[in-house]
Trainee: 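Below is a structure I'd like to ask you about.
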Amino acid sequence: EGVYKPKDSTLKDSNEKCKLEDFDRFNDQIWQVQFGSVYTVKHRNSGKMYLVKQITPFAAKNDEEKIQNEENIRSKMMNHPNIAKFYCTMVSDKNEVYFLFEYLEGDTLENKISQRHKDKVVEVEKPAFLVDEIQRIALDIFNALYSLHENKTIIHRDVRPATIFVTKYQAKLFDFG
């Protein structure tokens, strides 16, 4: 079995080599995504917080093409305001693949919807989301998809509440499957 070789392993916001051992896991899993889990990590030298998507070992072993595809898409879309900023790909000694992203405060749209239902915020007279929240989220995701589809000829085939991250000010596509 070969070891997955990332296209580029430079931490794009500092030009340092992006090495897994330079990060400390800050918490348990934040949420589950297709082919992996997302955690918060802290860079030892800078103290800067990031999100890391750990690809499941099965996916890393059997879906190298999908991993490479996501890495390529992320590199092309690094500066879009409605797509989570990707910094680098790291591979552990055990061939575990990790994608490093900007730190985002908020939650997935799926978790926000679930929490509002759990808190019994949803009533006939009171919707789960205000109209302006829905419009903002929809517009942000439309902008991300438009840029992917029109400018980069990339088709996102997994848009759903679990792949949309909502911060206080904007929504971002996070997971590409």
Trainee: Output the distance between atom CD (Gln170) and atom CZ (Arg136), rounded to the nearest 0.5 Å.
Mentor: 8.0 Å
Trainee: Could you grab the distance from atom CZ of Phe23 to atom CG of Asn45, nearest 0.5 Å is fine?
Mentor: 9.0 Å
Trainee: With the side chain counted from C-beta on, respond yes when Tyr98 and Leu20 share a heavy-atom pair under 4.5 Å apart, and no when they do not.
Mentor: yes
Trainee: Rounded to the nearest 0.5 Å, what's the gap from CZ on Phe101 to CD1 on Ile83? Could you check?
Mentor: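 Answer rounded to 0.5 Å: 11.0 Å.
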Trainee: Looking at Tyr87 and Lys48, what are the two nearest heavy atoms and their distance?
Mentor: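 Scanning both residues completely, I find the closest heavy atoms to be OH-NZ, 4.1 Å.
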Trainee: For the residue pair Val166 and Thr108, establish whether any side-chain heavy-atom pair is separated by less than 4.5 Å.
Mentor: no
Trainee: Is there a donor-acceptor contact under 3.5 Å from the side chain of Thr163 to the main chain of Arg160?
Mentor: yes
Trainee: Can you establish whether the number of heavy atoms outside Glu21 located under 6.0 Å from its atom CD is more than 12?
Mentor: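 More than 12 within 6.0 Å, yes.
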Trainee: Are Leu139 and Ile113 grouped together when hydrophobic residues (ILVMFWY) are joined by side-chain heavy atoms under 4.5 angstrom apart?
Mentor: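 No.
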Trainee: To the nearest 0.5 Å, what is the distance between CG on Asp107 and OG1 on Thr167?
Mentor: 11.5 Å
Trainee: To the nearest 0.5 Å, how far apart are CD1 in Ile137 and NZ in Lys112?
Mentor: 8.0 Å
Trainee: Quick check on the hydrophobic clustering: are Phe99 and Tyr103 connected, directly or via other members, by side-chain heavy-atom contacts under 4.5 Å?
Mentor: yes
Trainee: Would you list the pairs meeting salt bridge (charged side-chain N to carboxylate O under 4.0 Å, His left out) in which at least one residue belongs to residues 161-174, sequence neighbours left out?
Mentor: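 Every salt bridge (charged side-chain N to carboxylate O under 4.0 Å, His left out) pair that includes a residue of residues 161-174, provided the two are not neighbours, is Glu102-Lys172.
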Trainee: Answer whether the closest heavy-atom distance between the side chains of Arg25 and Gln54 falls below 4.5 Å.
Mentor: yes
Trainee: Does the side chain of His80 come within less than 4.5 Å of Leu173's, by heavy atoms?
Mentor: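 No. Closest side-chain heavy atoms not under 4.5 Å.
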Trainee: Given 3.5 Å as the limit, does a donor-acceptor pair link the side chain of Asp140 with the main chain of Ala171, or not?
Mentor: yes
Trainee: How many angstroms lie between CG in Asp24 and OH in Tyr39, if you round to the nearest 0.5 Å?
Mentor: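 So the gap between those two atoms works out to 15.0 Å.
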